[in-house]
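First up is the structure itself, then whatever we jot down about it.
Just so we're clear, the structure is a prediction, and the values are computed from it rather than from any experiment. We use all heavy atoms of the structure for the numbers below, so side chains are in, but hydrogens, waters and symmetry mates are not.
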Amino acid sequence: MTGSALIGLFCVFAFISPAHATDDYAIFSLDAGFEAISINKARKLYRGKTKRLNGKRIELSDWPENSIEREDFYQLLLGKNTAQMNAHWAGLSFSGKARYPREIKAASADSLINWLNDKPNRIGYSPLSSVPKNANILYTISSEK
């Protein structure tokens, strides 16, 4: 195959490959008692390095493992894919240092909101376009670099 044929073939596959647009994401709670956090604090939360915010013990949520929201969120916030984060959390869990974020049952904002509504100390993330109006946004992660 010639060089130009390879380049042409590459271009065809580049346009066929499944690409998705990454949305902006918000880390939020339905508890108005939490204050906004920094990027460093957001990263510590989702690395299992922080278990409290504003003196309250928190529970984190996670989208289902095969969801695009989970993949996009970890890529934006930590530069990691789902497999890397699963390995990270497995190590923390095994050592007793932290527990996995609670995986919501379905890849939907409604499922997340229902989970957050059960207890005030819960924190989740979602595409910004799916965050409810009554949410207390703690941090917004922009897909713009």
Side-chain angles (χ1 to χ4, degrees), residues 6-145:
L6 284 174
I7 292 171
L9 191 60
F10 172 79
C11 289
V12 167
F13 284 115
F15 288 111
I16 293 174
S17 70
H20 52 85
T22 303
D23 201 354
D24 290 349
Y25 278 76
I27 298 172
F28 68 98
S29 178
L30 300 180
D31 182 348
F34 290 119
E35 297 173 7
I37 59 176
S38 67
I39 182 70
N40 289 335
K41 190 70 156 185
R43 288 177 175 153
K44 284 181 180 181
L45 277 176
Y46 278 92
R47 281 188 180 134
K49 306 272 185 199
T50 295
K51 298 175 187 174
R52 295 183 172 274
L53 279 182
N54 304 115
K56 294 180 184 179
R57 187 165 181 83
I58 53 117
E59 284 183 73
L60 293 176
S61 71
D62 219 342
W63 285 70
E65 186 172 349
N66 60 354
S67 68
I68 195 68
E69 291 85 359
R70 188 170 179 168
E71 185 73 33
D72 285 350
F73 175 76
Y74 284 117
Q75 194 61 53
L76 283 172
L77 182 64
L78 301 171
K80 305 279 185 194
N81 64 35
T82 301
Q84 290 170 314
M85 289 310 298
N86 288 345
H88 174 79
W89 281 105
L92 288 177
S93 180
F94 182 74
S95 68
K97 292 181 180 177
R99 291 186 321 201
Y100 283 91
R102 176 75 59 175
E103 189 172 299
I104 58 176
K105 294 179 182 177
S108 75
D110 289 341
S111 184
L112 173 61
I113 301 308
N114 289 337
W115 185 80
L116 291 170
N117 267 324
D118 284 342
K119 292 184 183 175
N121 66 328
R122 291 181 169 176
I123 293 173
Y125 65 88
S126 180
L128 194 54
S129 59
S130 300
V131 175
K133 293 185 187 312
N134 65 331
N136 176 12
I137 296 177
L138 306 177
Y139 188 76
T140 303
I141 306 150
S142 175
S143 59
E144 300 283 318
K145 298 269 179 184

Margin query: Test of understanding: with side chain to side chain donor-acceptor pair (under 3.5 Å), list the residues that count as partners of Ser38, not counting sequence neighbours.
Written below: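 Testing Ser38 for side chain to side chain donor-acceptor pair (under 3.5 Å), a comparison that skips the adjacent residues, returns none.
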Partner residues of Ser29 under the side chain to side chain donor-acceptor pair (under 3.5 Å) criterion, sequence neighbours left out |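 Here no residue qualifies.
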Determine the minimum heavy-atom distance between Ile58 and Leu45, stating which atoms define it.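 Where Ile58 meets Leu45 most closely, the heavy atoms are CD1-CD2, 3.5 Å.
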Provide the closest heavy-atom pair for Ser126 versus Phe28 in the form atom of the first, atom of the second, distance.
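Distance-wise, the nearest heavy atoms are CB-CE2, 3.6 Å.
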The criterion is side-chain contact (heavy atoms from CB on, under 4.5 Å); which residues satisfy it with [X], sequence neighbours excluded?
| X | value |
| --- | --- |
| Ser111 | Ile104, Lys105, Ala106, Ser108 |
| Arg52 | Arg57 |
| Glu103 | Pro64, Glu65, Arg70 |
| Arg47 | Arg43, Lys49, Leu78, His88 |

Approximate separation, where rounding is to 0.5 Å, of [X] [atom1] and [Y] [atom2]:
| X | Y | atom1 | atom2 | answer |
| --- | --- | --- | --- | --- |
| Asp72 | Leu77 | CG | CG | 12.5 Å |
| Asn117 | Leu112 | CG | CG | 9.5 Å |
| Glu69 | Tyr25 | CD | OH | 5.0 Å |
| Ile37 | Leu53 | CD1 | CG | 6.0 Å |
| Lys80 | Thr82 | NZ | OG1 | 12.5 Å |
| Asp24 | Ser129 | CG | OG | 9.0 Å |

Review point. In terms of side-chain heavy atoms, does Asn86 have a donor or acceptor partner in Tyr74 at a distance below 3.5 Å?
Key: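 No, no side-chain donor-acceptor contact under 3.5 Å.
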List the atom pairs, donor and acceptor, that lie under 3.5 Å between side-chain atoms in residues 130-141 and the rest of the protein, sequence neighbours left out.
| unit_1 | atom_1 | unit_2 | atom_2 | d |
| --- | --- | --- | --- | --- |
| Asn136 | ND2 | Asp31 | O | 2.9 |
| Asn136 | ND2 | Phe34 | O | 2.8 |

| Partners meeting ring-ring contact (aromatic ring centres under 6.0 Å, His included) with Phe73 (sequence neighbours left out) |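 If we apply the ring-ring contact (aromatic ring centres under 6.0 Å, His included) test to Phe73, skipping adjacent residues, the hits are Tyr46, Tyr125.
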*Which residues share a salt bridge (Lys or Arg N to Asp or Glu O under 4.0 Å) with Lys119, sequence neighbours left out*: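 Partners of Lys119 by the salt bridge (Lys or Arg N to Asp or Glu O under 4.0 Å) criterion, ordered by chain and then number, come out as Glu59.
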Test item: Arg122 side-chain N/O and Trp115 main-chain N/O as donor-acceptor pair under 3.5 Å =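 Confirmed, Arg122 side chain pairs with Trp115 backbone.
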Side-chain (Asn81) to main-chain (Ala83) donor-acceptor, under 3.5 angstrom: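 Side chain of Asn81 to backbone of Ala83: a pair is present.
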